[in-house]
Structures are given as structure tokens and as C-alpha cells.
Amino acid sequence: MNFSELFKQSQFHCKFSPDGQYVVTCVSYKVIVRSVDTLQILRLYTCLDAVQNIEWSSDSAFLLCAMYKRGICQVWSVEHPDWTCKIDEGSAGLTHAQWSPDGRHVLTTASFNLRITVWSLVNKSISYIRYVKNSKDCLSFTDNGKYLALAESRKCRDCVSIFEVESWQLLKLFETDTEDLSGLKWSPDGRVICVWDHCLWYKLLIYTMDGRCLTTYKAYDWALGVKRVTWSPTSQFLAVGSYDQKVRILNHITWKSISEFSHISNIQSTNAVVYSESETKPSLPRTENTLIASPPIFSTQSKYEFLSPPIQIPSVQPDPEKPNPKIGVGWLEFSPDNKFLATIDDSMKTAVHIWSMLKLSLYVVLLQASPIKCARWDPHTSRLALCTGNDKLYLWSPSGSVSVQVPISATFHVHSLKWHPSAESLLLMSKDQMCICYLEKKERDKEIDN
Amino acid sequence: MENGEIFTSHFRFRESAEAGVVKRISSFCSAESLPHRLDFLDQELSVYGYPSIQTDEKLNQVALVNVTYDLLQTYRRALESHSDTADGLRNSESDAARFQHLLSLAREDVATKDRELKTKRIEEAHLNQRIETLRKKLKSEQEKCRRLSSEMQSRDTQFKHEKKKKSQEVERMQTKLHQLLQDKKHERLLGIEILNSLQRSDGKRGKWTTDKTKKNNEQEMYQLILANYEDSQKELLNENTAMRKYLKQMQDELVCALNEKTTQRDVKQRESRRLSLDKIDIKSSASVSSEESEASDSVLDGMFEMPYDIVKDDIEKSLKSKWRALRRLYQHKNLHHLTEEDKGKAENKSEKITEYEKVIQEQQDLIDYFTAGQGEKSSSFPSDAYFLEEKSDLDQQKSIFYQQRLAFENERKVYTEALLQLGQDQQNFEEEKSRWLQHHFLQLTPFRGSSSKKKWSSPNKSFRDKSLSLSWNEGLKNHSAHDVSPSLRNARGQADGMGTSGGSSGAQPLLTRSPNKTSPNRTPETPHNPWNGASPPIPSTCELYRALGLRYKSSDKENNSSTSSFKVKSCLKKSPTNQSHASPDGQSELFSPRDSGHTLLLRHNRLKMDDIKTALFQS
């Protein structure tokens with residue numbers, strides 16, 4: 001396992017290009033494109049203002065930099081550094097900007113969700129989409145990029161409109177049976193759209209593209225409902241995380257719940273393996289560390305230990321007076337091979353639950369010493385990387401779990417991470433710095449075996 | 001009749017007692033023995049602290065009168081005090097009885113109270129249970145309420161939050177609008193600034209959007225939807241075929257397994273038929289095999305490719321039958337495979353069970369012991385009281401019995417005297433008779449008379465003497481046995497009586513138990529039977545005792561058999577053993593009360609004796 005040197009970045013705006021050749025970092029208004037292999041600076045762009053969002057086009061040829069404060073977007077071409085493009089939303093304001101899947105259109109959302117403007121970089125044409133509910137969760141492209149589903153609110157009624165992306169033609173518009181639609185998502189195979197209601201009403205609906213409602217799922221009434229929804233990569237499962245600290249798995253044929261994964265702070269199950277991180281402060285810097293240029297004197301040693309149940313996971317009860325209570329499953333993601341589901345309950349931020357989808361039961365619990373900041377699945381295999389805001393990187397795979405100290409600097413605290421599309425390297429970000437961690441195949445296996 | 005007899009006997013007893021007193025007084029002193037007796041009296045009186053009644057070897061009459069008077073006075077006083085104490089005793093007895101009654105009442109009260117307490121306790125337990133369930137319900141309701149209220153609260157806060165968000169948005173919008181209205185003049189350049197247009201990512205040129213392309217798009221969408229449906233149908237089809245395949249495989253394997261079993265069974269069957277042993281087995285296996293053949297026939301391979309709703313019933317039926325067969329086989333196997341190991345286990349288990357039962361029994365005994373011990377402790381006083389009462393009763397009865405025995409002894413003396421005299425008289429009479437017979441015989445046939453008479457008389461006499469002595473000894477023995485026993489036997493009798501008639505005084509059970517079958521029937525017979533047989537013989541002492549009811553069994557036997565006196569003697573010899581062995585028989589019930597009814601029998605016997613006497617004297 002190798003680590004690159006540290007580079008500056010701001011606000012975690014660092015991204016690998018989809019083809020895996022480049023990595024882009026933003027330092028305030030400067031946008032730097034490097035080669036992943038050599039880390040040499042290939043391009044350097046200067047934006048009009050501090051970049052607030054950066055996004056690669058799907059073909060890795062263009063970069064979209066959004067400056068919401070100014071209400072403008074700038075597009076840069078990696079191939080032609082002289083080519084410029086500036087999109088100004090003007091007085092309507094800008095709250096969100098994103099690429100369309102074809103990489104030739106930019107979608108900008110005006111403030112107050114007034115409209116979504118589709119800017120064509122091919123023919124400068126402009127299309128407007130009105131009545132948008134919100135542009136983050138209510139906008140979903142199919143995986144093949146052919147269709148766009150958009151949640152709208154027309155005459156105080158929730159509807160879903162389907163657009164043909166190539167021509168931006170409205171193909172279908174249908175009403176949904178929701179109180180306040182708060183999100184929708186295409187299934188990865190593009191056959192159905194999952195629509196869920198606001199958290200005040202636990203309601204989940206499955207629609208086909210032509211507006212037929214396949215099912216309405218309601219786990220309970222009254223209490224706060226759906227928090228997050230995720231499709232499995234094969235579209236066979238729909239995982240619904242909710243405020244009652246449970247994940248419900250729906251199947252793709254009958255759309256009925258096949259399992260409920262409860263996140264209880266007291267684990268009694270003997271089948272699950274519990275890894276617990278134990279930290280020890282070394283009294284003297286070890287000889288290995290002295291070899292490295294900047295020995296992490298202030299850092300702590302940590303290792304995983306097996307715990308036998310019953311285990312008490314530290315949990316924080318949310319303040320009932322505050323909205324959006326910090327409880328319930330707020331993050332859940334399937335492993336790319338569809339074998340595992342990793343979840344984090346917001347009241348138990350130190351623990352990741354990994355559920356086996358073959359046995360529909362709890363498989364592993366990773367109990368960290370501090371709250372988890374970010375967790376990501378390897379894009380190819382069942383391997384989970386996570387960070388907790390310290391100088392360590394944690395990796396889990398079915399064969400074992402390991403914690404790796406970032407040896408570059410003791411002050412480099414990993415707050416976010418991203419996988420390279422080939423899964424050969426990891427992008428680690430602290431609050432103002434970033435580095436790349438290269439996982440060599442053999443070494444990686446060794447590490448995991450340890 | 002019987003009562004009359006008792007009264008008369010009682011009367012006679014008193015009369016005879018008075019006569020005895022007179023006799024006793026008169027027998028103390030006579031004219032000749034007066035000075036002696038006076039000396040004796042003087043001595044006796046001096047013992048009691050009286051002055052001498054003699055002065056100068058002469059009777060001081062004044063002193064005697066004074067002393068006599070003083071004696072009388074003291075005697076009266078003693079009598080008075082005696083009566084007082086008797087009254088007191090009676091009072092205390094009645095008090096005791098009252099207290100006993102009160103005690104029993106209190107006990108009953110306690111029992112009822114206990115019962116009430118128990119019922120109350122049960123009620124309480126019931127109520128407690130109800131309270132518990134209600135509490136649980138309440139708890140769950142409270143929990144529910146709490147949950148609901150927390151849900152409501154979270155919803156409420158969420159709502160407020162949303163409202164606030166919306167109002168803020170509205171505010172921001174308003175300000176924005178205001179700003180826009182004001183800054184109308186220098187409008188910013190809206191739109192896109194682009195160096196040069198890009199090519200499409202697929203390298204194709206853009207197309208005009210016409211109605212046709214729109215329609216095409218829609219068509220494409222529907223085609224996609226259709227394709228999706230087709231895909232999903234294909235998936236389902238694949239799944240379905242796989243399932244069908246598995247079903248068929250399962251069926252085949254089931255058939256295979258069952259066939260194996262049946263072939264094995266068929267072999268067995270043939271054997272069993274040959275041996276004609278296990279009929280039930282044949283039947284069951286036959287039914288199984290027939291079912292199986294039916295099942296395998298009914299479901300063909302092609303059936304699994306047919307539409308499911310048509311063949312559903314058949315498949316289900318065949319599968320069910322197969323399952324049933326399999327289950328039966330399994331059970332059969334299980335039954336057969338109750339190996340020795342299992343048996344050993346079972347034995348172990350049963351041993352353990354017996355062990356545990358023993359332990360349980362011991363514990364039970366211990367518990368009983370402890371609880372009983374407590375019970376005894378609590379009731380120790382009253383039981384003791386009963387005992388004392390019994391004791392006093394016994395003592396009383398004993399004294400009565402002794403008195404009666406004394407009287408009886410006296411009577412016996414009198415009677416023996418009379419008997420001796422009677423014997424003499426009879427001898428005289430015999431002699432007279434023999435003389436008269438001799439005289440008469442000599443008148444008729446002078447040869448036979450003397451020899452025959454001697455033959456008859458001599459053995460009889462010797463025998464009678466023997467029997468007399470023997471029976472006398474026996475009687476003494478018996479009597480002594482009786483002397484010792486009454487107190488105990490009486491006690492036992494009373495204990496029995498307590499069991500049945502509830503602790504009444506000693507006299508009552510005697511009356512109730514006296515009519516045992518033997519005594520009234522026999523009483524008239526015993527004197528008459530021997531008399532009827534031959535000329536009245538001299539009653540031997542053994543007969544006397546028998547008549548006195550001291551020997552029941554022997555007398556009974558004797559009466560029934562009505563044989564010679566030799567037999568009687570043997571019976572008498574045997575009788576003690578008989579008596580001791582009588583208890584296990586049913587008759588023992590009849591005999592055992594005799595002990596308690598002893599005094600009554602004595603009266604009877606006195607009556608009988610009187611009868612005998614009169615009869616003898618008449619004769």
C-alpha cells in the first residue's frame with residue numbers, strides 16, 4: 001500500500017474522472033487536473049469564483065464547475081484547454097448544476113426550484129423544465145442515460161414526468177399517490193421508478209415508465225418514515241432505511257418486504273462477527289515509524305478485536321425538539337456484487353452493519369472508536385473502505401478487516417474518500433488536503449489476510 | 001327382660017351387701033373377745049389421737065360415747081367435705097365439659113376461619129393476578145401512548161420545521177422579486193457564452209424535432225416498456241422452467257427412493273408371505289406400494305410442461321401421497337430403530353425416575369413430619385386433657401370393677417361352700433339311692449347290682465375330682481389373667497367406644513355392646529343343657545367359670561357339641577390359646593367387646609348361679 005504526497009484541496013472537491021485517467025482537485029477558484037498515474041498537473045483552469053461544485057462529464061472530456069453564489073457555471077475541456085464556456089443563470093439564481101448523461105447538456109436549477117434549464121453545448125439551445133419539486137432527489141436518469149424522471153408539483157399535486165433525454169421531449173406525465181413526494185429513483189435496469197413520500201408519511205410506490213403503479217408499500221403509520229432508499233445493483237432488491245432504525249428489503253417480483261434488518265444497540269446474535277476498534281497510545285515511537293520521514297508521534301495505534309455477544313453499541317438518543325432527528329438508517333449501500341448491504345444508523349454513528357443478502361441476516365458489525373465520516377464500497381468487489389476523521393483508513397472484506405495508518409502526516413485526518421473506478425487506488429481527503437492511496441493487488445490481499 | 005334381670009341383680013347385690021355389713025359388724029366382736037377387741041380399739045383410737053376409752057382395764061363408757069360421738073362428728077364432717085369435694089368435682093367436671101365444648105366450638109370456628117382465610121387468599125390471588133394483567137395492560141398502553149406521543153412530537157417538530165422552511169423560502173422569494181423589480185435597468189446578460197459549439201458525443205448531427213420524431217420517441221418508449229416486460233417475462237419463464245425441472249427431479253428422486261424401499265419391502269413381503277408372519281406389515285406395505293404405483297402412474301414426465309393450473313391438482317395429490325408414504329416409511333424406520341442403546345437409555349431414565357420418586361417421597365415424608373409435628377404441638381394440650389379424663393374414667397371404672405370383683409369373690413366363697421354341702425348331700429343321696437337300689441335289686445336280681453354300680457360310679461368320681469382340681473387351677477389362672485387385664489382392656493374398650501360413640505362415659509358402651517349374640521342365647525342354655533342330657537350332675541368349678549362367662553369359646557363349643565366332661569376339659573385346656581388367637585377372625589369382633597362388658601356378664605352370671613343354686617337345692 002502506497003500513499004502519494006499531500007495536495008491542497010478545498011471543500012472535498014476532488015474527483016477521479018469516470019475513465020480513471022485523471023483526478024481533479026479544486027483549490028478555491030483554481031481547478032487542477034492531474035494524471036492518476038503520475039500525479040503530474042495536466043491542466044490548470046482558473047474559475048471566476050471559488051468553485052462550489054465540480055463534476056466530470058460522462059466521457060471524462062469536460063469539467064463542470066458551479067459557482068452558486070455568482071449564479072454561473074463554467075465548463076472546461078480537458079482536451080482543449082483554450083475552449084471556454086460560461087453559463088449564467090442570471091437573476092434567477094443557481095442552486096444546482098449537473099451534467100446530463102450524454103455529457104453535452106448541462107442542467108441548472110434556478111433558485112426556489114423555479115425551473116431547470118437545460119443548456120445544450122451542441123447547439124446552444126435552451127430548454128426549460130418547470131414545476132420541479134427539488135433537483136437533488138427528484139431528478140433521476142436511467143443508467144443508460146436515455147430517460148429522465150422528474151418529480152413535479154403541478155397544482156399542488158405530485159406528478160412524475162418522463163423525458164426523452166436526447167430530444168428533451170416530455171414522453172409521459174402521471175400523478176403519484178403521495179402527500180409530499182420527496183424523492184424518486186430509477187431502478188438500475190431502468191424498468192421501474194421508485195417514488196417515496198416525505199418522511200412524515202411512510203409511503204413508497206413503484207411505477208413503471210408509463211405510469212402504472214405496481215405497488216404501494218407502507219410499513220407503519222404516524223411515525224417518521226423513509227429516510228433513504230437504495231436499489232441493489234441488479235435491481236432485485238430495494239432497501240428502504242427509515243427513522244425506526246430498520247431497513248426493509250423489498251423484492252423485485254412481488255414488491256413485498258422479504259426481510260427487516262433492525263439496528264438495535266444491543267447485539268445478541270451469535271452469528272454476526274463484531275470487529276471492535278481498540279485504540280492504544282504508544283509510549284514510544286516505534287522503530288518502524290522512525291524510518292518514515294514524519295513519524296506520527298501524536299497518533300494512536302489501533303487494531304481490531306473480535307467481540308463476543310452480547311455487545312452494547314454506543315448510541316445517542318436524538319433531541320425530540322429538533323427536526324430531522326439524528327436517528328434511523330441514513331446511509332445504506334449494496335456491495336457491487338449484490339452480496340452485502342452496509343448500513344449506518346444515525347444514532348449509532350460509530351458502527352457499520354454489514355448484512356448478508358444471501359442469508360438475509362446480520363453478517364458483520366464494525367465498531368469504530370469514533371463516528372464514521374464516510375464509507376464506500378469498492379466498485380468491483382465486496383470491499384468496504386471507511387474513515388472516521390482520524391489518520392487511519394479502515395478496510396473490510398469478507399476475509400477480514402484491517403486498519404491502515406496514513407503514514408504521511410499525523411495531522412492528515414481522513415474525512416472523505418473516493419474509489420478509483422478500477423478500484424486500484426483510493427482518494428483520501430482531509431479538510432484541506434488530499435492524497436491518493438494505491439492498493440497493490442498482492443499487498444492488498446496480504447493486508448486483508450492479516 | 002334383660003333390663004329386668006339387671007335390676008333384680010342390682011337389688012340383690014345391695015341386699016347382700018347390707019347383710020355383709022351386718023355380718024361384718026357382728027363378726028368383729030363377741031362377748032368373749034370383748035376385752036381383746038377393746039384393747040385393739042383403744043390402740044387404734046390412740047393412733048388417731050383419741051384418749052383411751054379404758055380406765056383401769058375397764059371400759060370407760062363416757063369416754064367411749066364421747067369418742068364415738070367425736071368420730072361420728074368427724075365422719076359426718078368428712079362426709080360433708082367429701083360431698084362438697086364431689087360437688088366441686090362435678091362442677092369442675094361440668095366446667096371441663098363446657099370448656100371442652102367451647103374448645104370444640106372454638107376449634108370449629110378456627111377451622112371455618114381458616115377456610116374463609118383460604119378462600120380469601122384465593123380470591124386475593126385472583127385479584128392480584130387480575131391486577132397484574134391490568135397493570136401489564138396499563139404498562140403496554142402507557143408504552144403505546146408514550147410512543148405515539150413521541151411520534152406526534154417528532155411529526156409536530158418536523159411540520160413546524162417544514163413550515164418555517166417554506167415561509168423562509170417565501171420571504172427570500174419576495175425579496176428577490178423586489179430586487180428584480182428595482183434592478184430592471186441594467187439587466188445582466190443571460191445565457192450561455194460558448195467559444196464554439198461542441199459535437200455530439202456520438203458524433204452524429206442533431207435532428208430536427210418534428211411530430212414524427214416525437215411519435216418515434218413515444219413508440220420507442222413503449223417498445224422499451226414492452227421489451228422490459230418481455231425481458232421480465234423471460235426471466236420469469238426461466239425461473240419457472242428451472243422450478244419445474246427441480247420439481248420433476250424431486251418427484252423422480254422421491255419415486256426412486258420409494259421404489260427402492262418397496263423393492264426391499266417386496267422381498268420382505270414375499271418372505272413374510274411364505275412364512276405368513278407379519279400380516280399387518282404386509283397390508284401396510286401393500287397399501288404403500290399400491291399408492292406409489294398409482295402416484296408414479298398418475299404423474300408423467302410431460303405433465304410438468306403442462307399449464308400449471310390444469311395439472312396442479314394431480315401434482316399436488318401425487319406429491320402428497322408420496323410425502324405420506326415417505327413419512328410412514330420414516331416413522332416405521334424410526335420405530336424399528338429403537339435400538340438397544342435406546343432401550344438402555346430408557347432403562348436409565350426409568351431408574352432415574354424411580355430414584356427421583358424416592359427422593360420426592362422422602363421429601364414428602366419430611367414435609368408431613370414437620371407439618372404434623374407442628375399440628376401435634378398446637379393440639380398437645382387438649383389431647384393431654386382427653387388423656388387425663390380418660391385416666392380418671394378408667395380409675396373410676398377400675399374401682400367399680402374391683403368392688404364388683406370383691407363381691408363376686410365373696411359370692412363364690414358362699415357358693416363353693418354351698419356346693420360342697422351339695423356334694424355331701426348328693427353323696428348321701430347317692431348312697432341312699434344305691435342302698436335303695438341295692439335293696440330293690442336284691443329283691444329282684446341279687447347278682448348284678450353292686451358290680452355295675454361300682455363300674456359306673458368309680459371312674460366318674462375320680463374323673464370328676466381330677467377335672468375339678470384341674471379346672472380350679474385353670475380358673476385361677478384365668479382369673480388372675482382377668483384381674484390384671486381389666487384396666488387395660490377397659491381402656492381399650494373405651495378407646496374403641498370413643499371411636500364409635502364419641503367418648504361417652506364408660507358405662508354406656510357396656511350396655512350397647514353387651515348384646516353379643518352369644519351371651520343372651522347361651523345364658524338360658526348353659527344351665528339347662530347339661531340338665532336336659534342326664535340327671536343333674538354336680539357342677540364342677542370349670543363349669544362354674546364357664547357359666548360366669550370367663551370362657552366363652554370353650555363353653556360355646558361345649559354347648560354345641562354337648563359331649564362328655566372330658567371334652568370340656570380339653571377345650572378348657574385349649575381355650576387360652578384360642579382366646580389369644582381369636583383376634584384375627586371375624587369372631588374377634590364379637591368377643592372383644594366382652595371385655596368391656598365384663599361387669600354386665602358378672603351380673604348375668606350371678607343370675608345363673610342363683611338359678612343353679614335353686615335348681616340344686618330343689619334337687
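Letters A, B, ... mirror the listed sequences (proteins, then strands); counts begin at 1.
Considering every non-hydrogen atom in both B:Ser232 and A:Arg191, the closest pair reads CB-NH1, 3.5 Å.
Taken from CD in A:Glu321 to OG in B:Ser154, the straight-line distance is 11.0 Å, to the nearest 0.5 Å. Note: A:Leu171 CG to B:Glu220 CD = 9.0 Å, rounded to the nearest 0.5 Å. Here the CG-NZ distance, from A:Leu114 to B:Lys176, works out to 10.0 Å after rounding to the nearest 0.5 Å. In this structure, the separation between NE2 on B:His161 and NZ on A:Lys322 is 12.5 Å, given to the nearest 0.5 Å. One finds the CG atom of A:Asn113 at 7.0 Å from the CD atom of B:Glu169 (value rounded to the nearest 0.5 Å). Of the inter-residue distances, the one linking A:Lys172 atom NZ with B:Ile225 atom CD1 reads 7.5 Å to the nearest 0.5 angstrom.
For OH of B:Tyr246, the number of neighbouring non-hydrogen atoms (other residues, nucleotides, ligands) closer than 6.0 Å is 12 at most. Within 6.0 Å of the CD atom in B:Gln233, the count of heavy atoms belonging to other residues, nucleotides or ligands does not exceed 12. For B:Glu171, the CD atom counts as loosely surrounded, since its 6.0 Å shell holds 12 or fewer non-hydrogen atoms of other residues, nucleotides or ligands. The environment of CE in B:Met243 is sparse: at most 12 heavy-atom neighbours from other residues, nucleotides or ligands sit within 6.0 Å. When the shell of 6.0 Å around CD of A:Glu79 is examined, it contains 12 or fewer heavy atoms from other residues, nucleotides or ligands.
Ranked by heavy-atom pairs shorter than 4.5 Å toward chain B, the options A:Leu200, A:Ile87, A:Asp210 are led by A:Leu200. Put simply, of B:Gln153, B:Arg147, B:Met152, the one with the most heavy-atom pairs under 4.5 Å next to chain A is B:Gln153. Contacts with chain B were tallied for A:Trp222, A:Tyr147, A:Trp83, A:Phe62; A:Trp83 has the most, counting heavy-atom pairs under 4.5 Å. Of the residues considered (A:Lys146, A:His80, A:His198), A:His198 shows the highest number of contacts with chain B, using heavy-atom pairs under 4.5 Å. Of the residues considered (B:Asn228, B:Leu224, B:Leu148, B:Thr157), B:Asn228 shows the highest number of contacts with chain A, using heavy-atom pairs under 4.5 Å.
Using a 4.5 Å cut-off between heavy atoms, B:Asp156 makes no contact with chain A at all. Neither the backbone nor the side chain of A:Thr117 comes within contact range of chain B; no heavy atoms are under 4.5 Å apart. Heavy atoms of A:Cys73 lying under 4.5 Å from chain B are absent altogether. For A:Asn144, no part lies near chain B; criterion is any non-hydrogen pair under 4.5 Å. Heavy-atom distances place no part of A:Leu170 under 4.5 Å from chain B, backbone and side chain included. For A:Thr208, the part lying near chain B is the side chain, with the backbone staying farther off; criterion is any non-hydrogen pair under 4.5 Å. Contacts of B:Gln219 with chain A are absent, with no heavy-atom separation under 4.5 Å from either backbone or side chain.
For the pair A:Ser167 and B:Asn217, the minimum side-chain heavy-atom distance is below 4.5 Å. Annotation: side chain of A:Gln169 is not in contact with side chain of B:Met221 (no heavy-atom distance under 4.5 Å).
Just one of B:Glu162, B:Lys164, B:Gln158 meets the side chain to side chain contact (heavy atoms under 4.5 Å, CB included) condition when paired with A:Pro323; it is B:Gln158.
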